Amino acid sequence: MAQNTTFIPVNVGLVLDLDYLEANIALSCINMALSDFYATHGDYKTRMVLTTRDSKKDVVAAAAAALDLIKNVEAQAILGPTTSMQANFVIGLGEKAQVPIISFSASSDSLTSTRSPYFFRATQNDSSQVNGIGALVQAFGWKEAVPIYMDNEYGEGVIPYLTDALQAVDAHVPYRSVISPSATDDQIAEELYKLMTMQTRVFIVHMFASLGARLFVKAKEIGMMSKGYVWIMTDGPTVGLSTSPDPSVIDSMQGVLGIKPYIPKTTELGNFRLRWKRKFQQDNADMVDAELNIYALQAYDATVALAMAIEKAGTTNLGFGEANVSNTSVTDLENLGISQNGPNLLRALSNTSFKGVTGDFFFINGQLQPSAFEIVNMNGNGERRIGFWIPRKGLAKTLNSIANTTSTYSTSKSSLAPVIWAGDSTSIPKGWEIPTNGKKLRIGVPRSSTFGQFVKVTTDLNSNMTTVTGYCIAIFEAAVDALPYAITYEYIPFVKPDGRSAGTYNDLVYQVYLKSYDAVVGDTTIIANRSKYVDFTLPYTESGVSMIVPIKDSRNKNAWVFLKPLTWDLWVTSFCFFVLIGFVVWVLEHGINEDFQGPPSHQIGTSFWFSFSTMVFAHRERVVSNLARIVVTIWCFVVLILTQSYTASLSSVLTVQQLQPTVTNVDELIKKGEFVGYQPNSFVLGILKNLGFDDSRLMAYNTPEECDELFSRGSGNGGIAAAFDEVPYMKFFLSMYCSKYTIIEPTFKTGGFGFVFPKGSPLVADVSRAVLNVTEGDKMKEIEDAWLGTQSSCQESSTSVSSNSLSLKSFWGLFLITGIASISALMIFTTIFVYEHRAVLLQPSDLRATTWSRVLVLFRIFIQMDLTSSRSELNPIHIAIPGDLPPADNDDDQDPNAQQPDQEEVQNIYQLVVPNQEQL
């Protein structure tokens, strides 16, 4: 490309801590960037003229250098400074003079709060990596982590973001370790020894590489790089220490995890590394172990971006205008000029984008956008990549594997390669240990439970030894024995010096929050208010608060008790079917069975007698018709079931003891103003007050025997009508007095009994799993039998007050079958009868006869189908004919009160049915 020999020089300042090796490496990359860029862009009209100032590791010196560059050199832009603390003040100068500040190493998030449009960060800010660290913590299941950071703006800036990221994955920060940049080795060791006395074994290091190197060397000396420890570095120490030339530093970091921005390995990057290595060794022959790091590469890209922006901004006005200040101003800051080209250069930088040695390079709101981060494991002589973290994808072993998937955010440890942890271990550390200072866990226990079988504290007066026993204690000790590791502990009763209880259960739980106890073991209920201050394990008992009341025998012994086995609808339905069966049998048997013939009163009586006598199977009448036999057989089966059920139900009503509660609901107690009992120092008192019980109606009991005595006295006589307590207590109380009391609904829900630990304690998860193992195994039965006794002989009383009467719902199917059979038999009989006498209905010779008249004749024919008491043949059918007299020998059989049909109508029907009298 043709070289432009008439270029316009543009002054650019560079502020670096030249005492650092990393700063000298960055400086060489910046010089190479200028020579490479203008070698390939010889036609550009501008040339950057670099003026370097040494900030000498000092914030004031960095500010003075920037002020000098702006005021005296009239720098159009400034590259640097090195640290975030230096950058904070330099950014203010740049904004005042409208000079862009481009930093390639100041990563603190505190700089973002300045919101200066003239600040460009050509590196990743610290907060961009915290979610990657959170993903690591979540992947390996750690619940606590302690950040160890530098006591300056760089160290403190990321901590709020890191804490939020850990909380988002349900990890707790129990402590923050702050180390001064000027701390001595002894001060570092003192802080590390303090960390050793804590449970947490996961540490996140965020500090300068120089301080981090001393930290790891000292940690190895005191034994904190052994098995069980987890160390995670942010990108700052990862970048600075992974290429450290000091073998002792690398050796002290074995097993450490680190996270840093990923730089794709390209041919161009490889060639650049070789060229830089040759040039740096030529210029710095005494620095033979220098290695190129990401900050130097970012300095190279930042220089290229600034050179491109200067060309885009143009050179119309490269001067500085005078500040609008009064003549009395005497300070350099007040007289600081304003760059005329600053706004143009600001816009050009914001719109610059290209593919640099670190990848795609462009600014959005003055920030480089986060890309993939590389996760490394320090092993051997350096680092070993184990995976990647991508902001919207999560963890992955390779970039290709996550680029080709549409899966959700991954936090699985299977997405990473195997890790060699501290102490050359391949097993995943659990992230916490029992403190190594020999301190036992201080476990608070209540003085003694009202029910001593749950918790009991006894003191030997001779030896002054305190012994804690009980159901809750036995479960806790069984759970501790089931842990995969050993813990040491001691029970400390929650009592005053005189031996009395030091407070309520709420007070006892609150002592864990105050760190007076490391845990609380006992009959402590899991409730919402307590969970605000402490964590509970999973419950090991049933949950809820119930009401217990006396029971009484409610058997009814009045004169009408025999009606109770059946409901009224079943009584009415049974009576109706007795009548129906009597009628059906009479219809089917009337014409052919002399037992169902005779005078009307005799026939009615016989029919009802036959039907009702089936109830005791005492019927004597024969059944001749096959249809009637079918109906009677079905009905007898129904009656058999009905009578047997009635007998069984009546026996139960008269003989079985029916125990019912004396009180059925809480509202009844409140309305009547009854006295109720509760256990002292329990949260149940608060529930009773919320329900509306007056304080004067509440009585405390200290033992189960005292509770029974209060029940015996009765409410109003110095006793109680009901007692409220938790389900485990109530069930144990019932096992002692099962024949006298019962539990009444509703049950007020609680969480059950659980063990108490501080918020975020890693013991909670392990003890909870151990509790599950105990409660699901045979050990739980042994503990219950040993402390609570067997309750199998005491059957739980029924608390319902529902009737035991039999209803129609239980028998409607049988009645339906009987009804269908009866109606079907009637229909069959009627069909046969009408068919046999169809001439009465079908003869058309006399049209004056109505249908009803014909039906009436059929009915009378059916009525006169009768047998005399002395003969078995049929009687003649008598139809009154006009002008004729009835046979004399049948006068005695005529009913004088019978209604005679219309003679003319009968004559007409007769002529239709019987054409001549000889046939009759």
Side-chain angles (χ1 to χ4, degrees), residues 445-446 449-456 470-479 482 505-506 509 520-531 534-549 551 661 665-666 676-679 681-688 691 701 704 707 722-738 741-756 764 767-800:
V445 294
S449 172
T450 298
F451 293 81
Q453 289 76 6
F454 289 88
V455 178
K456 186 175 183 180
Y471 173 74
C472 302
I473 304 301
I475 291 180
F476 174 74
E477 292 176 350
Y505 278 76
N506 285 339
V509 170
V520 166
V521 172
D523 47 348
T524 311
T525 305
I526 304 170
I527 55 178
N529 185 54
R530 294 172 180 173
S531 64
V534 296
D535 281 345
F536 289 91
T537 63
L538 292 176
Y540 55 88
T541 63
E542 293 183 71
S543 63
V545 174
S546 293
M547 177 175 70
I548 191 169
V549 297
I551 52 178
N665 59 69
V666 177
V676 297
Y678 68 96
Q679 190 179 161
N681 298 327
S682 171
F683 70 95
V684 175
L685 176 62
I687 293 179
L688 295 178
L691 289 174
Y701 55 86
C707 181
F724 289 82
D725 219 327
E726 296 175 77
V727 171
Y729 298 136
M730 294 290 91
K731 289 200 169 183
F732 178 74
F733 183 80
L734 286 182
S735 69
M736 299 174 63
Y737 307 101
C738 60
Y741 308 99
T742 187
I743 295 178
I744 293 296
E745 298 291 343
T747 297
F748 303 96
K749 294 299 182 182
T750 61
F753 291 168
F755 304 128
V756 182
V764 173
V767 175
S768 294
R769 282 189 288 268
V771 166
L772 287 178
N773 292 333
V774 172
T775 55
E776 293 176 358
D778 297 333
K779 186 67 175 179
M780 190 67 176
K781 184 67 168 57
E782 296 177 8
I783 295 174
E784 289 179 346
D785 292 343
W787 290 102
L788 304 182
T790 179
Q791 302 180 19
S792 60
S793 60
C794 187
Q795 296 181 354
E796 187 175 347
S797 302
S798 173
T799 60
S800 72

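Hydrogens, waters and symmetry mates play no part in the numbers below; they use all other heavy atoms, side chains included. This is a predicted model, so every value here is computed, not measured.
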**OP:** Carefully, step by step, assess R530 and T525 under the rule side-chain contact (heavy atoms from CB on, under 4.5 Å).
**Re:** CA-CA 9 Å; R530 294 172 180 173; T525 305; 4.0 Å; yes
Subject >> From CA spacing to verdict: side-chain contact (heavy atoms from CB on, under 4.5 Å), T742, V549 >> reply: CA-CA 6 Å; T742 187; V549 297; 4.1 Å; yes
Can you tell me how far [atom2] of [Y] sits from [atom1] of [X], rounded to the nearest 0.5 angstrom?
X    : Y    : atom1 : atom2 : value
K456 : I473 : NZ    : CD1   : 13.0 Å
R769 : N773 : CZ    : CG    : 9.5 Å
L772 : L538 : CG    : CG    : 5.0 Å
N529 : N506 : CG    : CG    : 6.5 Å
F451 : C472 : CZ    : SG    : 12.0 Å
E726 : F732 : CD    : CZ    : 15.0 Å

Heavy-atom side-chain proximity of [X] to [Y] below 4.5 angstrom:
X    : Y    : answer
E477 : V521 : no
T524 : F536 : yes
M780 : I475 : yes
I548 : D725 : no

**OP:** Could you tell me whether the side chain of T750 and the main chain of I527 form a donor-acceptor pair under 3.5 Å?
**Re:**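 Such a contact is absent between T750 side chain and I527 backbone.
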**OP:** Keeping the roles fixed (side chain from T537, backbone from F755), state whether a donor-acceptor pair exists under 3.5 Å.
**Re:**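 Pair found, side chain donor or acceptor close to backbone of F755.
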Subject >> Closest non-hydrogen atom pair between I783 and A478, with its separation >> reply: CD1-CB, 4.2 Å
**OP:** Please name the pair of heavy atoms, one in G751 and one in S543, separated by the smallest distance, quoted to 0.1 Å.
**Re:**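 Distance-wise, the nearest heavy atoms are C-CB, 3.6 Å.
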Subject >> Step-by-step side-chain contact (heavy atoms from CB on, under 4.5 Å) determination, L688 to Y678 >> reply: CA-CA 9 Å; L688 295 178; Y678 68 96; 3.8 Å; yes
**OP:** Give a yes or no on whether the ring-centroid distance for Y729 and F454 is below 6.0 angstrom.
**Re:**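 Between F454 and Y729, which both carry aromatic rings, the centre distance is below 6.0 Å.
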**OP:** Compute whether any side-chain donor of one residue and acceptor of the other, for D523 and Y505, lie under 3.5 angstrom apart.
**Re:** yes
**OP:** Going by the side-chain contact (heavy atoms from CB on, under 4.5 Å) test, name the single residue among I526, D535, V534 that passes it with V756.
**Re:** V534
**OP:** Please name the residue in the list F724, Y741, Y701 that meets the ring pair (Phe, Tyr, Trp, His ring centres under 6.0 Å) test with F733.
**Re:**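 The option that passes is Y741.
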